[in-house]
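When a residue number appears, it is its place in the shown sequence, counting from 1. This structure is a prediction, so every number in the text was calculated from the model and none was measured.
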Amino acid sequence: MNRRELIASSAALAVAAGAPAVSARTAQSSGAPMPVPPVAKKVPARIEQLGRVRIDDYQWLKDDNWQAVLRDPTLIKADVKDYLTAENAYREAMMAGTLPMQAAMFEEMKGRIKQDDSSVPSPDGPWEYYTRFRTGDQHPLFCRRPRAGGEEQILLDANALAQGKAYSRVAATEHSPDQSLFAYAEDAQGSEVHQIFVKDLATGRMVADPIGSATGNFTFSPDSAWIFWTNRNDNGRSDKIFRRPARGGETVLVYEEADEGMFTGVGRTSDDAFVMITINDHETSEARAIPAADPTATPVVLEPRHAGLQYDADHWGDRWVIRTNADDSIDFKVVEAPTGTPGKASWKDLIPHTPGRFIENVTVSSGHLARQERADANTRIIVRDRAGAEHGIAVDEPAYALNLLGWSEFDSPMMRYSYNSPSTPTSTFDYDMSSRERTLKKVQEVPSGHDPADYVVERLNAPASDGELVPVTLLRRKDTPVDGSAPVLLYGYGSYGIPMAASFSTSRLSLVDRGFIWAIAHIRGGSDKGWNWFLNARRMTKKNTFTDFIASAEHLIERNYARAGNIVAYGGSAGGMLMGAVNNMRPDLWAGVIGQVPFVDVLNTMSDTSLPLTPPEWPEWGNPLEDAEAYDYIASYSPYDQITSQAYPAILAAGGLSDPRVTYWEPAKWVARLRPASTSGKPILLKINMEAGHGGASGRFDYLKELAVDYAFAVWAVEKGWERA
């Protein structure tokens, strides 16, 4: 379809029979037809809550039958579908001039991927397991081969699984401890409703009917006789743990969580001594253990939940090893406890708490314990033997990503980790924790060529309004000037304690090689500078996340890396909420704002208990149904509710029809309200993937096409491409 046909399509959709939701027309500008956006109808909905009243003109975009739509997108209401379809057509028409750039970027990004790539094999007994791609394939092959050498066995061809489907993603795989069975979880619509399949590796046949309505989380019992999995209820929450014989049989309820605000999960300890059930929200956790010797036993609580107490446990052969924030250990410590008495009364410090050194992750082998620590937006790995002797693995660079990958065999001294930086592709190492020798197992190949020496990685510290220093990681080509003339893409997230790694990405080079400076703002709300960095930007201090991002942009301007109006802000999910907030607070800073699956309708979402993540996320945002102070604070920053008449930058909002995390109507409502409020005349665009969910397209190449749209929009916004349309 050419540009003129796209324009005509957008207009025609608005007047289609039975589609009263939108209106559009074709305008003339300098003799050339210009697309005019759809106009969403207003259906005022009065919402009264805690004595407060708000009017939502676009609440109708939420399909009343949304749970069914997640499982079958064809069930969406006709007027909603027509509006989304019209918005997609309008966005395509507006960006038609960028199609050559999108195609070029896609080919560049595809050219930087080794098409027949494979993972580093993970050994387990007589076998080693790995994934690989065939040239041209969208999805991986899951394979194993004899460790001593021999013929490959393909356990699952995810391409064959995806054949004939608009969406297919294998979310998890696992082989049984005796290596006779292989299980995998598939999401076939992007809604994160999974089926779990179990395959007999001797016969190649499925051993029983698939397990339905699962989260994708499962594990085998250590004796390989049973499979445990996490149920996903109709509201998209993980509420139960079930068990059945691994080769098929009666399903038994193992555990049911009564608190709808808690997430549940299941796994095994590193030494295969226990099956573990985990229960947690964003500030409280609990673990329950089932002994390997009796997989049908009732789970036993390690330490009962207490509000604010977080812990996760592993078993180290003869004792429990527990990472916890107990005793005001804000950045966490590691304790040990006897196998028979795992409760807090028996906890003894193994690695004491050190403020500012956040212990992110702990994993164990028979002879060693390894932990990953984070400080100042970088990581290091510490190895400890059973006698208590420690040594570290670190990198002397301004910004990098060092990741503890653990090991697949409990009795092996070999630990695996990876290293990369914004300019340096990933290297994967096996590290002998006894001899301290490391073996390079793989260096990420970039087939089109990549020389890290062509790039510069820098770390700045932006002063926040309260004096805190916000780390900002920069990547640019050596020949990109630092005089304010280069466009900047500023990326941020800042929620749930999730840090933003200073990592390598082949895709972002398509912007950097076009003269962009790629910047990552390590703002509060993440754990980039420790757990307190997270705690100081949640609930009643959430606005620190937004002001930190603005401070990062202002510092880039002050240091002459950028200028106001030449920065593209980019974030997704909770980072999309960040985009909406800074868009309202400082629209003058941005050439464009890209909100991927943006969580922008915060007040309505946190007031809707039917949505999957609402009760579990009240600890993060507050409960506006019961707490007037929380209501008022959320209302004061909720991007959808804070839209005012002002000159907004160009906007690209993207969502997925099957997304259970940030539902499609959030970006749709945001665009519907933003467009008539903006006085700038700059385009406000919506992109809804009608066949995917939160993560976008499932194929590795289809996903790159979606990225190409985002990156082309960034260039288009900086260059004001619509002025030449």
Side-chain angles (χ1 to χ4, degrees), residues 21-22 37-38 40 56 58-63 65-77 79-92 94-95 166-167 169 187 189-193 236 493 495 569-581 583 592-602 604-605 608 611-614 638-640 643 650-675 683-698 702-703 705-710 713:
V22 296
D56 191 342
Y58 304 107
Q59 184 68 6
W60 66 270
L61 283 166
K62 174 189 173 185
D63 194 308
N65 198 29
W66 64 266
Q67 292 101 329
V69 172
L70 284 182
R71 293 173 181 264
D72 183 359
T74 64
L75 298 177
I76 193 165
K77 291 191 302 183
D79 58 348
V80 176
K81 180 180 179 181
D82 289 337
Y83 174 70
L84 299 179
T85 303
E87 284 285 2
N88 278 339
Y90 169 68
R91 185 254 315 154
E92 290 173 0
M94 282 296 296
M95 292 187 63
Y167 184 99
R169 176 175 175 265
D187 174 2
Q189 57 274 323
S191 62
E192 300 179 33
V193 179
Y493 185 76
S495 288
Y570 192 14
S573 198
M577 175 195 64
L578 166 68
M579 296 300 101
N583 186 46
V593 172
I594 303 171
Q596 276 286 346
V597 289
F599 175 36
V600 285
D601 195 11
V602 185
N604 279 322
T605 294
D608 187 344
L611 295 174
L613 297 181
T614 293
S638 175
Y640 180 67
I643 292 170
I651 308 290
L652 175 62
L657 189 59
S658 301
D659 188 349
R661 297 173 183 258
V662 178
T663 48
Y664 72 85
W665 58 83
E666 294 210 33
K669 289 172 63 178
W670 187 42
V671 164
R673 180 174 279 185
L674 264 175
R675 195 177 283 139
I684 295 174
L685 309 179
L686 179 64
K687 176 166 72 78
I688 296 292
N689 189 326
M690 305 295 278
E691 298 174 334
H694 198 66
S698 56
D702 289 342
Y703 175 70
K705 291 179 181 177
E706 295 192 336
L707 276 183
V709 174
D710 293 353
F713 175 85

Side-chain donor-acceptor pairs under 3.5 Å in residues 683-692, sequence neighbours left out?
unit_1	atom_1	unit_2	atom_2	d
Asn689	OD1	Glu691	N	2.9
Asn689	OD1	Ala692	N	3.4
Asn689	ND2	Glu706	OE2	2.6

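The side chain to side chain donor-acceptor pair (under 3.5 Å) check on Arg673 picks up nothing, with sequence neighbours excluded. Judged as a salt bridge (charged side-chain N to carboxylate O under 4.0 Å, His left out), and not counting sequence neighbours, Asp72 has no contacts. Every residue two or more places apart in sequence or in another chain was checked for a side chain to side chain donor-acceptor pair (under 3.5 Å) with Lys77, and none qualifies. Every residue two or more places apart in sequence or in another chain was checked for a ring pair (Phe, Tyr, Trp, His ring centres under 6.0 Å) with Tyr664, and none qualifies. Shown here are the side chain to side chain donor-acceptor pair (under 3.5 Å) partners of Ser698, two or more places apart in sequence or in another chain: there are none. Residues satisfying the side chain to side chain donor-acceptor pair (under 3.5 Å) test with Asn583, not counting sequence neighbours, are none. Residues passing the side-chain contact (heavy atoms from CB on, under 4.5 Å) test with Met579, sequence neighbours excluded: Phe549, Ala569, Val593. Partners of Asp56 by salt bridge (charged side-chain N to carboxylate O under 4.0 Å, His left out), not counting sequence neighbours, listed by chain and number: Lys669. The salt bridge (charged side-chain N to carboxylate O under 4.0 Å, His left out) check on Lys81 picks up nothing, with sequence neighbours excluded.
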Worksheet item: How far apart are the C-alpha atoms of Leu674 and Tyr640, what are their side-chain angles, what is the distance that settles it, and do they pass the side-chain contact (heavy atoms from CB on, under 4.5 Å) test?
Response: CA-CA 8 Å; Leu674 264 175; Tyr640 180 67; over 6 Å; no

Practice prompt. Determine, stepwise, if the pair Tyr83 / Trp60 fulfils side-chain contact (heavy atoms from CB on, under 4.5 Å).
Written response: CA-CA 11 Å; Tyr83 174 70; Trp60 66 270; 4.2 Å; yes

Discussion item. Under the criterion side-chain contact (heavy atoms from CB on, under 4.5 Å), I'd like the reasoning laid out for Trp665 against Asp63: C-alpha separation, chi angles, the key distance, then a yes or no.
Written reply: CA-CA 8 Å; Trp665 58 83; Asp63 194 308; 5.7 Å; no

Item to complete: Take Lys705 and Asp702, measure what side-chain contact (heavy atoms from CB on, under 4.5 Å) needs, and give me the verdict at the end.
Response: CA-CA 5 Å; Lys705 291 179 181 177; Asp702 289 342; 4.2 Å; yes

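Heavy atoms only, all atoms of each residue included: Met577 and Val600 are closest at CA-CG1, 4.4 Å. Considering all non-hydrogen atoms of both residues, Pro667 and Thr663 come closest at CD-O, 3.4 Å. The nearest pair of heavy atoms linking Ser638 to Asp601 is OG-C, 4.1 Å. Across Thr605 and Thr614, no two heavy atoms sit closer than the pair O-OG1, 2.7 Å. Nearest heavy-atom pair, Ala672 versus Tyr58, reported as atom, atom and distance to 0.1 Å: O-OH, 3.5 Å. When all heavy atoms of Val597 and Gly656 are compared, the pair lying nearest together is CG1-N, 4.3 Å.
The closest donor-acceptor contact from the side chain of Arg675 to the backbone of Ala40 lies at 3.5 Å or more, if one exists at all.
Between Ser658 and Tyr167, the closest side-chain pair of non-hydrogen atoms is not below 4.5 Å. Side-chain contact between Leu652 and Asp710: present, with at least one pair of heavy atoms (C-beta onward) separated by less than 4.5 Å. Here the side chains of His694 and Val662 are in contact, with some heavy-atom distance below 4.5 Å. Side-chain contact between Pro639 and Glu666 is absent, with no heavy-atom pair separated by less than 4.5 Å.
For the atom pair CZ (Arg71) and CH2 (Trp66), the distance works out to 10.0 Å, reported to the nearest 0.5 Å.
Sequence neighbours left out, the pairs with a member in residues 650-661 that pass salt bridge (charged side-chain N to carboxylate O under 4.0 Å, His left out) are Glu192-Arg661.
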